[in-house]
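Below: the structure, in C-alpha cells.
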Amino acid sequence: MSVENDVGVYREALVFLGTAGVLIPVMTRFRVSPVLGFLVAGLVLGPHSLGRIGADLPWLSYVTITSQDAVDRLAELGVAFLLFTIGLELSFDRLWTMRRLVFGLGMSQVVLTTAAISGIALIFGNTVESSLVIGACLALSSTAIVLQLLAEQKRLATVAGRSIFAVLLAQDLAVVPILFLIVVFGKAAGDAAGGGAVSTGAVWLGLGMALVQAAAAILLIIGFGRLVLRRLFRLVASTHNRELFMATILFVVVGTSLVTHVAGLSMALGAFLAGLVLAETEFRRQVEVDIEPFKGMLLGLFFISVGMRIDLAEVARYPAMVATSVIGMTALKAVVIAGLTWLFRLSRPVIAEASLLLAGGGEFAFLVLGLASSSGLVTREVEQFMLLVSSGTMMLTPYLARLSRKASARARKAVAVAAGHTDPTPGDTPRIILVGYGRVGRIVGDILNKQGKPFIGIDVDPEAVARARKAGVNVVYGDATQRAFLRKCGLGDAPAVVVTMHDAAAAEHVVAAARAERADLPVIVRARDADHAARLFTLGATEVIREVLEASFEIASTVLQALGMPVGKVIAVIHDERDTRKKRVRAGVPAD
C-alpha cells in the first residue's frame with residue numbers, strides 16, 4: 001500500500017471519529033436521535049455530496065468519506081454487535097415464547113408485504129422476477145436503526161419492543177430463501193438467453209441444500225456455545241485480565257458472525273445466537289458493558305454508510321417520483337403491518353408503534369439490489385431508484401419512531417380511559433444490589449432471602465459466582481466499580497446497595513460509583529478499620545460496619561451478660577459506644 005493510500009485510510013478514519021465526537025454531544029443537547037445525525041452526516045460527507053465537488057475544491061477532500069466499500073464492511077460488524085447485545089437481553093426460553101410472533105406475524109409480514117410491493121412493481125412494467133426481487137428487498141426493515149432507536153428509548157423489553165424484534169428476527173431468517181431465489185432467477189435469465197432452462201427439481205434441491213447449510217451453521221453455534229462458551233469465559237475471568245476478557249468477547253462476536261456469513265445467512269444472525277447463549281451465563285452484564293463502545297462506534301459508521309448512498313443529483317432528476325415512492329412504500333408497509341398485528345390480537349398501542357417503526361426500508365435492500373443488478377434481473381437505473389427509495393425510508397425512520405411513540409401513548413390513554421382506569425402497569429420488583437458474595441455476602445444474602453427481600457449479587461470471582469448460581473442464587477459476574485455495570489444491574493430503582501467486599505480500594509470505588517448515580521440511595525458498606533470507614537463516609541456511604549469493631553462489640557456484649565448485666569442495659573451500652581465512635585469517624589477523627 002502506498003503512502004497516499006495509507007494517509008487516505010487514516011484521514012477517513014479521522015473524519016469519522018471527528019464527526020462522531022461533534023455529532024453525539026450536539027444531538028444529545030438538542031434531544032435528537034444520534035441515528036438521524038449520522039444519516040445526515042453520511043449524506044453531506046459522502047461521495048455524492050461534498051465528495052463530488054472535491055475535484056474542484058481539493059481542500060474538501062480532507063473532510064469527506066469516499067471509501068464506500070470499506071465503510072460497508074465495518075458497518076456490517078456494527079450491526080452484528082448490535083444483534084449480539086440484543087441476544088444478551090434475551091434467552092432461549094424467552095425466544096421460544098416468541099415463536100408465534102416470529103414464525104406467525106413475522107413471516108406473514110414478509111410474504112404479504114413482498115406480494116403487495118411486487119404487484120405495484122409489476123404494474124410499472126417490471127418483469128415478474130424483477131418485481132419479486134424489488135418486493136422482497138423493500139419488505140424488510142432496518143434491524144440496526146429500529147433496534148437502536150428502541151434501545152435509546154429503553155423500550156426493547158416492552159411488549160411492543162418484543163413484538164417488533166420478533167418481526168425483525170423473522171426478516172433476518174428470510175434472508176436465505178430470498179438470496180437463493182435471486183441466484184435461481186439470475187441463472188434462469190442467463191440460461192434463457194442461452195437457450196437453456198432450469199428444472200423445478202434443481203430449484204427445490206438447491207433451496208433445500210441452502211436451508212440445510214443454514215440450519216447446520218445455527219446448530220453449530222448453539223451447540224458450541226453451550227458446551228464451550230461458559231467454560232471459556234470462566235477461565236478468562238479467573239485471570240482478572242480485562243484486556244483478555246474483551247478480546248474473548250470480540251473473538252466470539254466476529255467468529256460466530258463469519259460462520260453464518262459463510263453459510264449464506266446474515267452476519268448479524270450469528271452474533272445474535274452467540275448473545276443468546278451468553279445470556280444464560282453469569283457473564284452477561286459484564287459483557288454488555290464491555291461491548292457497548294464498540295457497538296456504538298461501528299453502528300455510527302453503519303448509519304453514515306446509509307447516508308453516503310443517497311445521491312441528491314439522482315433525486316433532483318425525478319423528485320416527485322422519489323417522494324411519492326418513499327411515502328407510498330412507507331404507508332403500504334404500515335397498513336400491512338397494522339392489519340397483521342390486529343389479526344394477531346396485539347393491543348392498539350403495540351399496533352400503532354409496530355406499524356410505524358417497521359414501515360421503513362432496510363440495509364438488506366443494498367445487498368439484494370446489488371446482487372440482482374449483477375445477475376441482470378434489474379437494470380442499473382431501477383437499482384439506483386430503488387436504493388434511493390429504500391435509503392429515503394430509512395432516513396424517515398427516526399421521525400417515524402417519534403411519531404410512533406406519540407401514537408402509542410394516545411392509544412394507551414384511550415385504552416385506559418375505556419377500561420376505566422389510568423394507572424400504569426407496575427414494572428419488575430426493584431432488587432437490592434449486594435456487591436461481594438464471599439463469606440459475609442453469603443450470610444447477608446441468606447438473611448435477605450429469608451425475609452423475602454429480592455437481591456442481585458455481584459462478584460469478580462467466577463468460581464464463587466458459579467457455585468452461587470448452581471445453588472439457585474441470583475449472582476452475576478462483573479466489575480461493580482463501573483457505573484454502567486451498576487446501571488445494568490438495576491441501580492436506577494434499587495432500594496439499597498450493600499458492599500461486603502474485602503478489597504478496601506474496590507469498595508471505595510463502588511461507593512463512589514453508586515453515589516455518583518444516585519444521591520438518595522442508601523449505601524451500606526463493610527469497612528476494614530477506622531481509617532477505611534472515614535474514607536467511605538467521605539465518599540458518600542450511608543452506613544459503615546467495621547469488621548474489628550463489631551467483633552469487639554459482640555465480645556464485650558457477651559462478657560457483660562456473663563457478669564450478670566441485664567440484656568437491655570447491655571444493648572444500650574453497646575449502642576452508645578457504637579454511636580460515639582461513628583460520630584468520631586464522621587468528624588474525621590478515625591483513631592480508635
Side-chain angles (χ1 to χ4, degrees), residues 77 79-99 102-103 165 169 172-173 175-176 209-291 294-295 437 457-479 488:
L77 275 179
V79 180
F81 276 97
L82 173 64
L83 265 292
F84 178 73
T85 58
I86 300 304
L88 289 171
E89 294 290 339
L90 294 170
S91 65
F92 283 102
D93 290 337
R94 285 187 185 178
L95 194 61
W96 180 247
T97 62
M98 294 166 57
R99 63 190 183 279
V102 174
F103 298 104
F165 175 73
L169 182 57
D172 278 344
L173 293 173
V175 167
V176 171
M209 291 296 293
L211 292 176
V212 167
Q213 187 176 351
I218 292 173
L219 292 175
L220 174 65
I221 291 173
I222 294 174
F224 176 83
R226 290 198 158 181
L227 288 173
V228 176
L229 280 188
R230 187 191 294 269
R231 294 180 177 87
L232 174 63
F233 274 89
R234 191 173 293 167
L235 178 64
V236 171
S238 65
T239 67
H240 300 288
N241 187 316
R242 291 199 61 191
E243 290 78 11
L244 181 59
F245 193 84
M246 173 58 70
T248 306
I249 298 171
L250 296 177
F251 171 77
V252 169
V253 176
V254 177
T256 52
S257 299
L258 288 177
V259 169
T260 49
H261 178 69
V262 170
L265 293 161
S266 68
M267 293 179 69
L269 183 59
F272 170 70
L273 292 172
L276 272 182
V277 174
L278 276 175
E280 299 178 337
T281 72
E282 59 270 31
F283 305 101
R284 173 169 70 91
R285 288 177 175 82
Q286 187 63 51
V287 171
E288 283 180 316
V289 172
D290 288 347
I291 208 74
F294 292 91
K295 183 199 78 174
Y437 204 73
I458 301 170
D459 206 285
V460 293
D461 182 355
E463 295 300 328
V465 174
R467 287 193 298 269
R469 291 177 72 87
K470 190 174 181 179
V473 185
N474 182 23
V475 181
V476 298
Y477 169 85
D479 182 1
K488 291 285 183 185

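Just so it is clear, the structure is predicted and the values come from calculations on it, not from any experiment.
Residue pairs that meet the salt bridge (Lys or Arg N to Asp or Glu O under 4.0 Å) test with at least one member in residues 212-224, sequence neighbours left out, do not exist here. The list of salt bridge (Lys or Arg N to Asp or Glu O under 4.0 Å) pairs with a residue in residues 253-263, not counting sequence neighbours, is empty. Listed by first and then second residue, the salt bridge (Lys or Arg N to Asp or Glu O under 4.0 Å) pairs involving residues 246-257 amount to none (not counting sequence neighbours).
Scored by the side chain to side chain contact (heavy atoms under 4.5 Å, CB included) test, Leu258 finds Val254, Met267 as partners (sequence neighbours excluded). Listed by chain and number, the residues in a salt bridge (Lys or Arg N to Asp or Glu O under 4.0 Å) with Asp290 are Arg242 (sequence neighbours excluded). Contacts of Tyr437 classified as ring pair (Phe, Tyr, Trp, His ring centres under 6.0 Å), with partners at least two apart in sequence or in another chain: none. For Phe103, the side chain to side chain contact (heavy atoms under 4.5 Å, CB included) criterion is met by Arg99, Leu173, not counting sequence neighbours. In this view, Arg226 and Glu280 satisfy the side-chain hydrogen bond (donor to acceptor under 3.5 Å, both in side chains) rule, not counting sequence neighbours. Arg467 meets the salt bridge (Lys or Arg N to Asp or Glu O under 4.0 Å) test with no other residue; sequence neighbours excluded.
With ring centers used as reference points, Phe165 lies under 6.0 Å from Phe272. Note: Phe233 and Tyr477 fail the aromatic proximity criterion, with ring centroids not under 6.0 Å apart.
Considering CZ of Phe224 and CG of Leu219, their distance stands at 15.0 Å, rounded to 0.5 Å. Atom CZ of Phe245 and atom CG of Leu250 lie 11.0 Å apart (nearest 0.5 Å). Within the model, atoms CG of Leu273 and CD1 of Ile221 stand 5.0 Å from one another, a figure rounded to the nearest 0.5 Å. Interatomic distance, Leu276 CG to Thr256 OG1, rounded to the nearest 0.5 Å: 11.0 Å. We find the CZ-OG distance between Phe84 and Ser257 to be 9.5 Å, quoted to the nearest 0.5 Å.
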Pair Val476, Val465 - check side-chain contact (heavy atoms from CB on, under 4.5 Å), show working.
CA-CA 6 Å; Val476 298; Val465 174; 5.6 Å; no

Salt bridge (charged side-chain N to carboxylate O under 4.0 Å, His left out) between Arg234 and Glu282, intermediate numbers included:
CA-CA 9 Å; Arg234 191 173 293 167; Glu282 59 270 31; 3.3 Å; yes

Could you walk me through whether Leu278 and Arg284 pass the side-chain contact (heavy atoms from CB on, under 4.5 Å) check?
CA-CA 6 Å; Leu278 276 175; Arg284 173 169 70 91; 5.9 Å; no

For Leu88 and Val287: C-alpha separation, side-chain torsions, deciding distance, then whether side-chain contact (heavy atoms from CB on, under 4.5 Å) applies.
CA-CA 9 Å; Leu88 289 171; Val287 171; 3.8 Å; yes

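The shortest non-hydrogen separation linking Leu244 to Asn241 is N-OD1, 3.0 Å. Heavy atoms only, all atoms of each residue included: Asp461 and Asp459 are closest at N-OD1, 2.8 Å. Nearest heavy atom pair, residue Ala271 against residue Ala80, reads CB-O, 3.1 Å. Considering every non-hydrogen atom in both Val475 and Arg469, the closest pair reads O-NH1, 2.9 Å.
Under the 3.5 Å distance criterion, the side-chain polar atoms of Glu288 are left unmatched by any main-chain donor or acceptor of Lys488.
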